[in-house]
Amino acid sequence: MTKIERAITVVFFSGLTALFAQVAFFVPWTPVPYTLQTFAVLATGVYLRRNDAFTSGCIYLLVGALGAPVFADQGDQLFSNGKLIASGGYLLAFPIASALVAEGLDRSRKAGVANIKAQLLCWILAMIPVYVFGTLWLAESYGVDFSQAFEWGVEPFLIWDFVKILVMALITTKVWAFSSENTQSID
C-alpha cells in the first residue's frame, strides 16, 4: 500500500467514526449518548495497522477539537469553558482502543490464530480503556464517585457494545474477511 493509499484510509476511518457518531440517541438514565462510534473505532483497528489506527483516531479528535461537528449529535466541541467535555474521556480513549485492536489482531495473525476468538478478545480488551478513561472523566465532570459514573457510563452500554462487537465479528468473518494479502506493513 502506498503512502497516499494509507493516508486515504486513515482519513476515511476518521470520517467513518464521525459519521457513525451521528447515529446517536439519548436516554434519561445516562448523560452519555448511545452511538455507533465504538463500532467505527473497532473497525478502524480491524482494517488499519496500529500506528495508522491511532493516527486516524487522533485526526478525528483534532477535527472535533477544531470545531467540526463530528461528535455525537453533531457535537462540535471537545472542550467547553476550557475543560474537557463530560464524554471526553471516552473520546480520548478511542485512538488507544483502535490501536489495541490493530496490534492484537496483527499479533494473533502472526501467531496463526487470527480467528473469531482472537478477534472477540481484542475487541473486548480494547473497550477497557474506553470504559476506564470515560468513567474516570465522567465522575470528575459531574462531581460523582466512580461507582455512580460506572452506573451511568458503562453499565447501560455493556450489552449495546457487545452487540456491536458481535456484528463486527459477523462482518469480518462473513463479509469483510481479512487475509494477509490485505494487510499493510507497520512503519
Side-chain angles (χ1 to χ4, degrees), residues 3-103 122-123 125-144 149-150 152-154 156-158 160-161 163-165 167-168 171 184:
K3 288 185 182 199
I4 291 175
E5 290 169 331
R6 283 179 64 198
I8 289 169
T9 58
V10 166
V11 171
F12 170 81
F13 279 98
S14 293
L16 184 70
T17 304
L19 179 65
F20 278 32
Q22 303 317 306
V23 180
F25 58 94
F26 292 85
V27 293
W29 56 84
T30 176
V32 180
Y34 285 80
T35 71
L36 289 179
Q37 259 174 321
T38 50
F39 184 86
V41 167
L42 297 175
T44 300
V46 169
Y47 188 76
L48 300 178
R49 289 292 187 233
R50 180 194 62 230
N51 295 343
D52 291 348
F54 185 82
T55 301
S56 180
C58 289
I59 290 170
Y60 169 69
L61 293 174
L62 178 63
V63 168
L66 292 174
V70 297
F71 301 130
D73 201 34
Q74 297 184 2
D76 60 358
Q77 293 183 332
L78 186 56
F79 298 92
S80 178
N81 298 323
K83 186 177 174 185
L84 187 64
I85 62 173
S87 59
Y90 301 101
L91 295 170
L92 292 179
F94 285 170
I96 297 166
S98 291
L100 286 172
V101 170
E103 180 67 16
C122 288
W123 295 324
L125 291 175
M127 290 304 297
I128 292 172
V130 174
Y131 290 147
V132 170
F133 294 143
T135 303
L136 288 170
W137 186 249
L138 192 64
E140 175 68 25
S141 294
Y142 282 96
V144 298
F150 184 87
W152 286 343
V154 175
F157 297 94
L158 291 173
W160 173 250
D161 288 337
V163 167
K164 290 185 275 187
I165 288 170
V167 170
M168 181 66 66
I171 289 171
Q184 307 109 286

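Start at 1 with the first residue, then count along the sequence.
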Q.
Would you call the rings of Phe25 and Trp160 parallel, tilted or perpendicular, taking 30° and 60° as the class edges?
A. perpendicular

Q | Validation row: Val27, Pro156 side chains within 4.5 angstrom (heavy atoms) | A | no

**Q.** Non-hydrogen atoms of Ser141 and Leu84 that approach each other most closely
**A.** OG-O, 4.3 Å

Q. For the atom pair CG (Leu42) and CG (Leu36), what is the distance rounded to the nearest 0.5 Å?
A. 11.0 Å

Q. Between the main-chain N or O of Phe54 and the side-chain N or O of Ser98, is there a donor-acceptor pair closer than 3.5 Å?
A. no

Q: Before giving the answer on side chain to side chain contact (heavy atoms under 4.5 Å, CB included), spell out for Leu91 and Leu61 the whole-Å C-alpha distance, their side-chain angles and the decisive distance to 0.1 Å.
A: CA-CA 7 Å; Leu91 295 170; Leu61 293 174; 3.8 Å; yes

Q) Could you state the interatomic distance from CG (Leu138) to OH (Tyr131), rounded to the nearest 0.5 Å? A) 13.5 Å

**Q.** Distance-minimising heavy-atom pair for Asp52 and Arg6
**A.** OD1-NH2, 2.7 Å

Q.
Tell me the closest heavy-atom pair linking Pro129 and Leu125, and the distance in Å.
A. CD-O, 3.4 Å

Q: Write down the atom of Phe26, the atom of Pro31, and the distance for their closest heavy-atom approach.
A: CE2-O, 4.3 Å

Q) Would you say Ile4 has more than 12 foreign heavy atoms packed within less than 6.0 Å of its CD1? A) no

Q | Thr30 vs Phe157 side-chain heavy atoms within contact, under 4.5 Å | A | yes

Q: Measure the spacing between CZ of Phe12 and CD of Glu5 and express it to the nearest 0.5 Å.
A: 14.5 Å

**Q.** Nearest heavy atoms of Val101 and Ala126, plus distance in Å
**A.** CG2-CB, 3.4 Å

Q. Is there a donor-acceptor pair closer than 3.5 Å between any side-chain N or O of Ser56 and the backbone N or O of Ser14?
A. yes

Q: May I ask you to decide if Gln37's main-chain N or O and Lys164's side chain share a donor-acceptor pair within less than 3.5 Å?
A: no

Q) Are Thr38 and Phe94 side-chain neighbours, meaning at least one heavy-atom pair lies under 4.5 Å? A) yes

Q.
For Val70 versus Tyr60, what's the shortest heavy-atom pair and its separation?
A. O-OH, 3.1 Å

(Q) Within the structure provided, determine whether Thr9 and Leu48 are in side-chain contact (heavy-atom separation under 4.5 Å). (A) yes

Q. Are Val130 and Asp161 close enough that some pair of their side-chain heavy atoms sits under 4.5 Å apart?
A. no

Q) Does Thr55 use its side chain to pair, donor to acceptor, with the backbone of Asn51 at less than 3.5 Å? A) yes

**Q.** Pairwise side-chain contact, Leu158 with Val154, heavy-atom cut-off 4.5 Å (strictly under)
**A.** yes

(Q) With rounding to the nearest 0.5 angstrom, report the CZ to CG distance, Phe13 to Leu19. (A) 12.5 Å

(Q) Between Gln74 and Gln22 (side chain of the first, backbone of the second, donor and acceptor by atom type, cut-off under 3.5 Å), is there such a pair? (A) no

Q) For atom CZ of Phe133, is the number of surrounding heavy atoms from other residues, nucleotides or ligands below 6.0 Å larger than 12? A) no

Q) side-chain hydrogen bond (donor to acceptor under 3.5 Å, both in side chains) with Ser87: which residues, sequence neighbours excluded? A) none

Q. Is there a side-chain contact between Phe71 and Thr35 (heavy atoms, below 4.5 Å)?
A. no

Q.
Parallel, tilted or perpendicular: which one describes the rings of Phe20 and Phe39, with boundaries at 30° and 60°?
A. parallel

